[in-house]
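Structure first, commentary second.
First the proteins, then the strands, lettered A, B, ... as listed; each starts at 1. Because the structure is a prediction, the values reported are computed rather than measured.
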2 protein chains.
Amino acid sequence: MIPDRPRRPTLSDVARLAGVSLGSASRVMSEPEAVRQRTREAVEAAAEQLGYVPNGNARALAMRRSMMVGVVLPTITNPVFASFVHVLQRRLGAEGYHLLVQAHEYDHQAEVALVERLIRRGIDGLVLVGTDHDPAVTALLARSGLPHLFSWSSDEAPAQDCVGFSNRQAMREMVQYLLDLGHRRFAILSGALAHNERARARVEGAREALAAAGIVIAPDDIVIQPFSIEGGRQGLRVIAARGERPTALVCTTDLMAAGALAEAHALGIAVPDALSITGFDDIDIASAISPPLTTIHAPIREMGERVGERMLVRLKGGAPDPSLTIPTHLVRRQSAGVVAKK
Amino acid sequence: MIPDRPRRPTLSDVARLAGVSLGSASRVMSEPEAVRQRTREAVEAAAEQLGYVPNGNARALAMRRSMMVGVVLPTITNPVFASFVHVLQRRLGAEGYHLLVQAHEYDHQAEVALVERLIRRGIDGLVLVGTDHDPAVTALLARSGLPHLFSWSSDEAPAQDCVGFSNRQAMREMVQYLLDLGHRRFAILSGALAHNERARARVEGAREALAAAGIVIAPDDIVIQPFSIEGGRQGLRVIAARGERPTALVCTTDLMAAGALAEAHALGIAVPDALSITGFDDIDIASAISPPLTTIHAPIREMGERVGERMLVRLKGGAPDPSLTIPTHLVRRQSAGVVAKK
DNA sequence: TTGTATGCGTTATCAA
DNA sequence: TTGATAACGCATACAA
């Protein structure tokens, strides 16, 4: 009986055609130097002739390693996370790993399900953004014994396995800069703070710097909108509708700042003359909008490299390293300026 | 002897603890309705107690389906591709599929290696961007019998399995609009055209619309730079250095247009008064830069949905559908205006 | 250096 | 409805 669907050739088929054992054929694939040239060539010829393609799933089962690393992001549509994936992919891809990317769209609960799905699917390691996760995530990770790394945030980081930067310190620097420019009336625009220690740290950093200057920020001056360009627009509208406007609008992401900037243009609010606007992340587009965005450079590239390297170490059975804090820096552009004289 | 590493519990362990056979335990996982309630509960309790997590790789091997779909992109750092991934992930994720995303960074040859790696790793289906691929890609796909879909381009599309839009027609519309605004001197700014039928179709569309108006574009007026913001900046510099400047700069992506716009600002070239600049894609940021970008809306969301749906059909053994062309539309914003009177 | 045999953790087939 | 048992395709320890 002829099989209806032409089954893809397996290593057994290759071995048979080459006239060697399955074991030898397998060795040719994984450790070619451990096999005589003659047999190697026979196997390679047979593989070529049959169009043999190794079955990664069988391989993963036998080796108990899938060569896949999971990455759970807030969203892939913010370029700052896309860049992170880009770097990670290059670094881990170079060592033969594939990336399984998932995004929870800032849904705290959704993240639990994504992590579980990734573990079930059979990843070898997991990269998480941030350190504030549902206890269920931690439990899953602990139970599975899966190597995992946290990223982005060193503000509330565990002692190990986190590579990030100080969102709080960065934001302090930003606000201090604005204070030095003479600003005294501030508003802060952020996405939701719940389950997001990065946003919290950024807002806290701003608050601290202001407090040190004797400025107390009112609850109303912290506007919460979605982490997006549209959220930025909305936020600016809210603030513009106020009686006494701030002279500086501190946004917790470049995306929100870009939206706020666009809306300021639309409303005829001059930036930075009537209102200074600042961002956070330093995504590519930040320098291309106008006025170019004064922002914090988040060290995404370096963070991605470090996370990738550490993940590779952990995947090879290496021990956890202490958490690492990468410096950020303020990028002065034109969206923030000296406060206008009365 | 005690095993040194605490092996993760398997379905056998669960079955043993529950006092049922492996087969029954397996059934509880996959088709719970085909098992008596009593045994089901026993198995579920045992699984819970042991913290059982199914092994996806074993599952993939046994079922001969990995529940993973590959996506090969030019780059993840262009928001237009990130959005595509976002939509695809939602659609396929809803049906339990994982996405294996790879980017070739516009390296034609690199794509071959990526596709091969994905096939080896064991994907169930593959989504490709564009239709112009190395013959080796086609060969791999044909040999593996893997369901695969093309996207983005209906200009040189195969009769089946492609979901895209007409880059050429869209660009014709754009240039016609500029002609209607009175422009007669054009420059075109694009990334490399080799192995990229989308870029080619966009340039061709522009050329055709110009030709129809009796305008012949000189080779020098087509500037090639990387597909990026920086590429856009460079491109504008090249054009600005020319003796006789164009009044309209047609860019083949929003990213390049944003870069060109930024550089125009930097050089003191008024947009649109001294130079109209147009983009293509309509990424989120296009409406937030200033002046807001006149561009072509590429139907990424709908394309992603269609691709996802079709992929699901193909994954279930369904037959290929004829290729689909989704309409685009011109988005008139402020970066393009009437040509200045002499 | 090569072959043999077993295991990886499931699903699926077939009797019972 | 359940249980035994054979795939699934490969890696690997061990023997030859």
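Counting non-hydrogen atoms under 4.0 angstrom, A:V28 reaches nothing in the nucleic acid. Across all strands shown, A:T39 has heavy atoms under 4.0 Å from sugar-phosphate atoms exclusively, and none from any base. At the heavy-atom level, B:L61 lies under 4.0 Å from base atoms of the strands shown. Among the protein residues, B:T10 comes within range of the sugar-phosphate backbone only, with heavy atoms under 4.0 Å from sugar or phosphate atoms but none that close to a base.
At whole-Å resolution of the value, CG in B:D13 and P in C:dG7 are 15 Å apart. Distance B:N55 CG to C:dG7 C1': 13 Å, rounded to the nearest Å. Put simply, CG on B:L22 is 10 Å from C1' on D:dA4, counting in whole angstrom units. Remark: P of C:dT2 and CZ of A:R38 are 10 Å apart, rounded to the nearest angstrom. Rounded to a whole Å, the CG atom of A:D124 is 17 Å from the P atom of C:dC8. The nearest whole Å value for the distance from the CZ atom in B:R8 to the C1' atom in C:dC8 is 13 Å. In this structure, B:R120 places its CZ atom 11 Å from P of D:dC10, rounding to the nearest Å. Atom C1' of nucleotide C:dT10 and atom OH of B:Y52 are separated by 7 Å, given to the nearest angstrom.
For C:dG9, the OP1/OP2 oxygens have no side-chain nitrogen or oxygen of B:S12 closer than 4.0 Å. Of the side-chain N and O atoms in A:S24, one or more sit less than 4.0 angstrom from OP1 or OP2 of C:dG3. Checking the phosphate oxygens (OP1, OP2) of D:dA11, a side-chain nitrogen or oxygen of A:R59 falls inside 4.0 Å. Phosphate contact (OP1/OP2 of D:dA4, side-chain N/O of B:S21, threshold under 4.0 Å): absent.
A salt bridge does not link A:R301 with A:E305: every distance from a Lys NZ or Arg NE/NH1/NH2 to an Asp or Glu carboxylate oxygen is 4.0 Å or more. B:E33 has no carboxylate O lying under 4.0 Å from a charged side-chain N of B:R40, or vice versa, which leaves the two without a salt bridge.
Nearest to the side chain of B:M63, among C:dT13, D:dG9, C:dT11, sits C:dT11.
Among A:D161, A:L126, A:V127, A:V163, the single residue meeting the side chain to side chain contact (heavy atoms under 4.5 Å, CB included) criterion with A:M311 is A:V127. B:H133 pairs in a side chain to side chain donor-acceptor pair (under 3.5 Å) with only one of the listed residues (B:E197, B:H108, B:E111, B:H195), which is B:E111.
Both B:R36 and B:A62 lie near DNA chain D, and the one whose nearest nucleotide falls closer to the 5' end is B:R36. Taking for each of B:G23 and A:G56 the nucleotide of DNA chain D with the nearest heavy atom, the 5'-most of the two is the partner of B:G23.
Residues A:N57 and B:R121 have side chains that bring a donor and an acceptor to within less than 3.5 angstrom of each other.
With hydrogens and angles ignored, a donor-acceptor pair closer than 3.5 Å exists between the side chain of A:R27 and the base of C:dG3.
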